[in-house]
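Everything below concerns the one structure shown next.
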Amino acid sequence: MGERDEVCDDAVPELSGESVGEDHDSSSPFFVSKKAAAVLKHEILKQYVVPFASKVGRYAPDGRVVYLDSYAGPGRYEDGTPGSPALILESAARVAAFRQLDCYFVERGRKNFRSLAQLVAEAHEQGLAAHALQGRAEKHLESVLSRAQGAPLFAFLDPFGLGLSFDALTRQIFGTRTERGATGRPATEVLLNFNANAVRRIGGLLTSGKDTPNKPAILSAMDTACGGTWWRDVYLASSDNPEAVARITQGFVERVRTAVGSGAAAIEVRNRAHHQVAYHLVLFSRHRDGLWLFGEAASLAQVEWRRAQLPPSNDEMLWSPADTFDDEEVQRATKWVRTIRSNIENLLKARGSFTVDDHQSEIMAGVLGEAREKHIRAAVKELYKAGTTNCNGVGTIRRFRITAAVSEPSR
Ligand SMILES: C[S@@+](CC[C@H](N)C(=O)[O-])C[C@H]1O[C@@H](n2cnc3c(N)ncnc32)[C@H](O)[C@@H]1O
């Protein structure tokens, strides 16, 4: 393994139960105000959970959908900005007329828990179903899963470092819930923070000559999280940290996917565009609807993340970066549409004709998590105008049948 880049972020691994030099404890400044990376994950939660609950709750007894946040934090930042629990409770209030979002928040840190419990008490006053559970995620998992039996489940696993073990994720969460999808049985979805800093820091121990206390325990915690020692070889065979992070994340995602028989979508999360990846947010879902919805949510969230990078404007400035924000967004969209167009052309060449829903990932290759439905529509319309396809880009996008143009347009 070659030269390593600097770790500019400060997340550290958590072993189950004990922490490895954790610097984000309950007295940490982390929760004073929100970092840009959190803007992205929170916006995804905001965009995703309401449509998820609305859709899957249709088949649930009493419209009850279970939400589990296993690493909940204090609920709100000290400056009042909502953390994931406050955001989800806002979503729960939005759907309360037709769905019960039954929320379980687990937090280990004492100070964070106090603040979380206060938030949950306020939610009770609004008539929402919410539970604050103190202690380790692993300790509460079984009882929450048993409360979620028969109901759709969305689990958000957002540790600072290493989270649940591979076995807890694949066997306990997915393995104990029979997936029966749209036939009226409960869906299971997991949105997980796979921490790049943990990969860099723990991987670095493999090559470091330093006598780090607990080194074997830390390495073995990473084995437990990744489902084996395979990641060690991948780390050592990678030429630098970005490659190691990308390959180990991909290896993890593929192993989970295979073990649980799901699809997956992963997006990179950074604090700033020029920073290294802080973590990947990965959605595991056994339904195309979930993956589609995640793509839409991620794309919309990225807009807010980019907006959060804008420096505050000041009256003395003649020109503010905010002035060009919309133009830059248009330029980005133009590039995405070009990429999607070329992906569709390649699919047309390879298949002659296909349905969008059957080829989501090929259509979005290279722009997944950035572009969304409206960019697919724009690409299809351009291809229609150019006479490449008979599909005119009007109607429900996922149902579009894209065929090479013949004399009579079908749409
Ligand atoms: C990244 S923060 C969570 C942020 C929160 N999800 C949000 O978006 O607002 C991780 C939290 O997990 C807590 N934590 C660490 N290890 C834990 C464990 N084993 N079980 C439960 N909580 C844990 C930490 O105290 C911290 O508050």
Between [X] and [Y] (salt bridge meaning N to carboxylate O under 4.0 Å), is one present in this structure?
X	Y	value
R398	E296	no
E382	K385	no
R306	E329	yes

What verdict does the salt bridge (Lys or Arg N to Asp or Glu O under 4.0 Å) test give for R76 and E90, after you've listed the backbone C-alpha separation in whole Å, the side-chain angles of each residue and the deciding distance to 0.1 Å? CA-CA 12 Å; R76 277 188 287 241; E90 283 169 14; over 6 Å; no

Going through the distances and angles, do S353 and R401 end up as a side-chain hydrogen bond (donor to acceptor under 3.5 Å, both in side chains)? CA-CA 7 Å; S353 139; R401 173 125 208 110; 2.7 Å; yes

Once you round to the nearest 0.5 Å, how far does [atom1] of [X] lie from [atom2] of [Y]?
X	Y	atom1	atom2	result
Q47	L293	CD	CG	9.0 Å
L191	F156	CG	CZ	5.5 Å
Q172	E142	CD	CD	6.0 Å
H287	T188	NE2	OG1	7.5 Å
K374	L300	NZ	CG	8.5 Å
F400	D357	CZ	CG	12.0 Å

On a heavy-atom basis, which atom in [X] and which in [Y] lie closest, and how many Å separate them?
X	Y	answer
E138	L164	CG-CD2, 4.0 Å
N195	G161	CB-O, 3.8 Å
L40	E268	CD2-O, 4.0 Å
A72	L116	CB-CD2, 4.0 Å

Test D167 against S165 for side-chain hydrogen bond (donor to acceptor under 3.5 Å, both in side chains), laying out the working first. CA-CA 5 Å; D167 273 3; S165 69; 5.8 Å; no

Kindly assign one of parallel, tilted or perpendicular to the pair Y235 and W231, based on the angle between their ring planes and the thresholds 30° and 60°.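 Ring orientation of Y235 relative to W231: perpendicular.
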
For Y48 and F154, take the angle between the two ring planes, folded into 0 to 90°, and tell me which bin it lands in: parallel under 30, tilted 30 to 60, perpendicular over 60.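 Geometry flag for F154 against Y48: tilted rings.
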
Would you check, one step at a time, whether the test salt bridge (Lys or Arg N to Asp or Glu O under 4.0 Å) holds for K55 with D289? CA-CA 9 Å; K55 196 167 177 78; D289 292 0; 3.3 Å; yes

Do E122 and Q126 pass the side-chain hydrogen bond (donor to acceptor under 3.5 Å, both in side chains) test, and can you show the C-alpha distance, the side-chain angles, and the key distance before you say yes or no? CA-CA 7 Å; E122 291 164 24; Q126 284 181 268; over 6 Å; no

Counting heavy atoms not belonging to R171, are there more than 12 under 6.0 Å from its CZ?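 No.
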
Indicate yes or no for a side-chain donor-acceptor contact from T224 to the backbone of S220 under 3.5 Å, with no hydrogens or angles considered.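 Judged by distance alone, yes, a pair lies under 3.5 Å.
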
Aromatic ring proximity, centroids under 6.0 angstrom, Y104 and H131: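 Distance test on ring centres: under 6.0 Å, yes.
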
